[in-house]
Protein chains: 2
Amino acid sequence: MQDVADLAHVSLSTVSYTLTGKRPVSAATRARVEQAMAQLDFRRDPVARALASRRTHVLALAYPVYGVSLGATLNEIVQGAVEAAREAEYELVLWPVSSSEPEVLRELAAGRTADGVLLMEVALDDPRIEAVESQGLACALIGRSADPADRVWVDIDFEESLEVAVDHLAGQGHTHIAFVNRSQADLDAGYGPSVRALRAYEESMAQRGLTPVSTPCDVNPGAGRRATTALLAEHPELTAVIVMNELALFGVASALREAGRSVPRDMSVVGIAISGEISDMYDHPLTYLAAPGPDQGRRAVHGLLEVLGGRPAPAGVNLPCSLQVRETSGPVTRLTTP
Amino acid sequence: MQDVADLAHVSLSTVSYTLTGKRPVSAATRARVEQAMAQLDFRRDPVARALASRRTHVLALAYPVYGVSLGATLNEIVQGAVEAAREAEYELVLWPVSSSEPEVLRELAAGRTADGVLLMEVALDDPRIEAVESQGLACALIGRSADPADRVWVDIDFEESLEVAVDHLAGQGHTHIAFVNRSQADLDAGYGPSVRALRAYEESMAQRGLTPVSTPCDVNPGAGRRATTALLAEHPELTAVIVMNELALFGVASALREAGRSVPRDMSVVGIAISGEISDMYDHPLTYLAAPGPDQGRRAVHGLLEVLGGRPAPAGVNLPCSLQVRETSGPVTRLTTP
DNA sequence: CATTCTTGTCGAAGCGCTTCGCGGAAGCGC
DNA sequence: GCGCTTCCGCGAAGCGCTTCGACAAGAATG
């Protein structure tokens with residue numbers, strides 16, 4: 001940095017000020033400094049900068065490496081977050097921690113190698129929040145906690161999503177619509193998405209005078225197949241199924257095939273809160289409600305930056321999923337005998 | 001740190017030396033210092049430490065966030081790496097970068113916020129290697145490059161794995177064994193695992209005078225189903241299939257079910273280089289060659305630390321997969337008519 | 001007993017930046 | 001022409017550590 005200053009015939013502090021913009025620098029000086037920096041291929045040292053300014057310009061995202069979700073949906077969020085961070089000249093790193101080991105997260109936060117932390121897959125009562133905040137770091141939630149007041153959070157509007165899905169199917173004449181949720185364990189743990197989606201599904205059905213039929217389902221194709229097979233056996237009158245479970249979707253497909261139900265002639269399938277990438281992997285082009293993945297990541301980062309900037313903490317948002325009508329949903333064409 | 005020194009009646013540098021161990025400190029002094037640290041709940045600042053010592057004590061793992069692999073297998077590697085790093089008092093962070101954007105990686109490396117970088121899913125000619133090394137950072141490869149000489153790498157022994165798989169099946173009387181590989185795109189890109197596994201499969205078959213039958217297959221259940229269906233149509237004499245494709249496995253299962261082939265009575269299935277978690281998700285307990293995931297991560301970290309420590313760069317290793325015989329493989333029970 | 005090591009500790013000089021206080025040079029009104 | 005403010009730039013003091021040279025003791029050596 002001193003070299004740059006010398007070359008531009010200014011003092012070292014002036015170079016710093018042109019870089020940080022924290023004090024005015026005349027256009028002429030700025031030009032000379034920038035020229036010198038380019039000439040010397042100067043890049044300021046993030047470590048020294050962090051030490052002097054007490055800001056690392058790093059945002060950490062607690063990345064759940066334990067557990068078997070399909071990367072795609074998680075990674076869309078990461079991608080959005082990375083982009084948003086990059087635009088704000090922040091660096092985003094992933095901290096590999098399981099949600100069940102808040103102490104590890106606490107240690108990481110104590111090191112203060114990041115200015116703020118993004119938490120994904122937040123449970124209703126998530127110990128990680130306290131772990132981060134106890135170290136004085138800002139934190140933003142992707143998915144929301146039990147008491148989201150006064151905190152930055154970004155979540156999916158499950159209420160609306162299920163309403164839209166049910167509406168789409170009901171509008172096509174379906175009256176027997178099932179819902180395949182995430183695992184029973186999630187439900188028991190009070191994991192937001194499972195709980196809220198189930199409730200929303202039941203309400204949407206009730207409003208139309210329809211009887212809800214739902215089942216929890218582990219996140220894997222085999223479980224999806226078994227759950228669907230069981231559902232069909234018990235409720236042969238079903239003509240549509242809503243699935244909020246990435247991996248189970250594939251099992252649903254095979255169960256339907258085995259049951260001799262063709263899609264969408266005999267049976268409509270709608271995915272909830274999944275990424276486009278998953279839908280592309282499906283047998284037929286899948287009708288689904290696209291998760292606002294990248295946008296979630298982006299907004300969470302923005303929220304976090306607001307907090308870091310000392311601005312009033314913005315409230316949380318529920319982002320809508322957008323309905324993508326493809327080829328797995330259609331009007332009822334075969335009358336079922338209940 | 002000065003507070004600790006005062007409380008222990010020693011100088012600041014002595015505190016530092018008891019922490020780093022770079023100079024001898026008498027047992028008595030050490031005890032006093034440690035007591036003082038405990039009393040004050042002192043934790044040294046990683047940022048200041050990094051600035052002064054030019055060592056961040058951080059290892060970065062380039063984490064491929066684009067692309068749809070199933071988290072499980074990737075994450076086993078991460079877990080192993082995290083543990084190994086933690087044991088060595090290093091911190092492991094994930095840098096979210098796609099393998100197709102080496103410039104991003106170069107920028108990250110230029111910031112020198114990590115001492116070394118782990119690269120996963122290395123292609124035969126991977127531009128990321130140069131991107132990292134050009135910035136003077138050490139790097140270790142998980143999967144190996146075209147010219148792995150003089151570099152730290154950890155890979156899976158595909159040669160042995162396929163030999164073991166073929167041997168296991170041939171030993172049970174199978175003579176018509178197919179191989180479902182990863183995508184054609186991987187094969188074209190010269191992605192090590194696909195290429196080496198295919199070659200190894202063909203050699204193992206040839207050695208026994210058997211005719212190899214293989215197919216590339218995109219990494220998703222639908223593709224797996226189609227590939228298997230096609231395989232069975234063209235080679236009805238098949239009685240076994242080896243699958244090196246996590247997601248396709250599930251499609252293989254449905255295709256077999258649809259073709260009326262029961263497993264393992266009519267057909268044996270063996271997974272290659274997959275994690276236990278995936279196998280658990282399979283319909284029946286799957287016979288598979290377990291990827292040495294955690295061990296790969298662990299060894300890569302150790303290798304990287306050796307290099308950082310200035311020790312002679314250890315050569316690479318091919319780690320074996322261990323055969324886990326479960327219920328999807330068994331002797332031929334029905335004679336096929338070719 | 002003088003000399004050379006060894007061992008344990010200290011003070012001070014950085015690491016590469018940010019930031020604070022200060023002051024010179026314009027620009028302004030009267 | 002005088003004080004006044006405003007605009008820019010400078011020097012220096014850190015940020016919280018590591019590390020180097022120096023230096024007392026005591027141990028080992030001849």
Side-chain angles (χ1 to χ4, degrees), chain A residues 1-37 40-58 89-91 110-115 135-136 308-310, chain B residues 1-37 40-58 89-91 110-115 135-136 308-310:
Chain A
M1 193 148 167
Q2 185 62 60
D3 294 346
V4 174
D6 293 347
L7 186 59
H9 300 293
V10 294
S11 78
L12 193 153
S13 59
T14 301
V15 176
S16 178
Y17 284 124
T18 66
L19 240 18
T20 63
K22 301 214 170 167
R23 278 199 188 174
V25 171
S26 73
T29 315
R30 151 162 292 119
R32 264 185 299 134
V33 171
E34 279 167 356
Q35 213 256 304
M37 290 197 301
L40 298 177
D41 189 30
F42 171 82
R43 27 198 10 144
R44 64 181 155 179
D45 182 334
V47 175
R49 175 147 91 123
L51 180 60
S53 67
R54 289 115 219 272
R55 273 267 194 265
T56 59
H57 277 250
V58 169
E89 298 196 61
Y90 267 73
E91 189 179 300
R112 314 199 119 274
T113 52
D115 294 337
Q135 302 304 317
L308 290 178
Chain B
M1 191 146 167
Q2 184 62 62
D3 294 347
V4 174
D6 292 349
L7 187 59
H9 301 293
V10 294
S11 78
L12 193 153
S13 58
T14 300
V15 176
S16 178
Y17 284 124
T18 65
L19 240 17
T20 64
K22 299 213 173 171
R23 279 200 187 173
V25 171
S26 71
T29 314
R30 150 162 293 119
R32 263 184 299 135
V33 170
E34 279 168 358
Q35 213 258 305
M37 292 198 299
L40 297 177
D41 190 29
F42 171 81
R43 28 196 14 142
R44 64 182 154 179
D45 183 336
V47 176
R49 175 148 90 125
L51 180 60
S53 67
R54 289 114 219 271
R55 274 270 196 265
T56 59
H57 276 250
V58 169
E89 298 196 63
Y90 267 72
E91 190 179 299
R112 316 198 117 276
T113 52
D115 294 337
Q135 302 304 317
L308 290 178

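The structure displayed is predicted, hence computed values, not measured ones. Reminder, nothing fancy here: chain letters follow the sequence lines and each chain counts from 1.
Closest to the A:T29 side chain, of the nucleotides D:dC17, D:dG9, C:dG8, is D:dG9. Considering only side-chain atoms of A:R23, the nucleotide from C:dC15, D:dG16, C:dG21 that sits closest is C:dG21. With C:dC15, C:dT18, D:dT18 as the choices, the nucleotide that has an atom nearest any side-chain atom of A:A52 turns out to be C:dT18. When each of D:dG16, C:dC17, D:dT18 is scored by its nearest atom to the side-chain atoms of B:A48, the top-ranked nucleotide is D:dG16.
Distance, A:R55 CZ to C:dT19 C1': 15 Å, rounded to whole Å. Summarising the geometry, the separation between CZ on A:R32 and C1' on D:dG9 is reported as 10 Å, rounded to the nearest angstrom. In this entry the distance linking CG of A:D45 with P of D:dG16 reads 17 Å, nearest Å. In this structure, the CZ atom of A:R112 is 13 Å from the P atom of D:dC17, given to the nearest Å. What separates CD of B:Q2 from P of D:dC15 is a distance of 12 Å, to the nearest Å. For the pair B:R54 CZ and D:dG16 C1', the computed distance is 15 Å after rounding to whole Å.
Between B:V10 and B:L51, the residue anchored nearer the 5' end of DNA chain C, judged by the nucleotide with its closest heavy atom, is B:V10. Residue order along DNA chain C, read from the 5' end via each residue's closest nucleotide, puts B:V25 first among B:V25 and A:M1.
Checking side-chain atoms of B:R55 against main-chain N and O of B:L308 turns up a donor-acceptor pair under 3.5 Å. Checked by atom type and distance alone, the side chain of A:R112 pairs as donor or acceptor with a backbone atom of A:Q135 at under 3.5 Å.
A:T14 has a side-chain polar atom (N or O) that falls below the 4.0 Å cut-off from OP1 or OP2 of D:dC10. B:S11 has a side-chain polar atom (N or O) that falls below the 4.0 Å cut-off from OP1 or OP2 of C:dC10. Taking side-chain N and O atoms only, B:S16 has no distance below 4.0 Å to OP1 or OP2 of D:dC17. OP1 or OP2 of D:dT19 lies within a sub-4.0 Å distance of a side-chain N or O belonging to B:K22. Distances shorter than 4.0 Å separate none of the side-chain N or O atoms of A:R49 from OP1 or OP2 on D:dC15. One finds a side-chain N or O of A:R44 lying less than 4.0 angstrom from the OP1 or OP2 phosphate oxygen of C:dT18. OP1 or OP2 of C:dT9 has at least one side-chain nitrogen or oxygen of B:S26 nearer than 4.0 Å.
If you check C:dT19 for Watson-Crick or wobble pairing at under 3.5 angstrom, you find it paired to D:dA12.
Between the base of C:dC20 and the side chain of A:Y17 there is a donor-acceptor pair shorter than 3.5 Å. A donor-acceptor contact under 3.5 Å links the side chain of B:S13 to the base of C:dG11.
Contacts of B:L12 with the nucleic acid, taken as non-hydrogen atoms under 4.0 Å apart, include base atoms. Within 4.0 Å of B:P24, counting heavy atoms only, lies at least one base atom of the nucleic acid. Within 4.0 Å (heavy atoms only), A:R43 reaches sugar-phosphate atoms of the nucleic acid but no base atom.
Side chains of B:S11 and B:T14: a donor on one and an acceptor on the other come within 3.5 Å.
When all heavy atoms are compared, the tightest approach of B:A8 to B:R32 is O-NH1, 2.6 Å. Minimum interatomic distance between B:V33 and B:V10 (heavy atoms only, all atoms of both residues): CG2-CG2, 4.0 Å. Scanning both residues, A:E89 and A:H57, for their nearest heavy atoms gives O-ND1, 3.4 Å.
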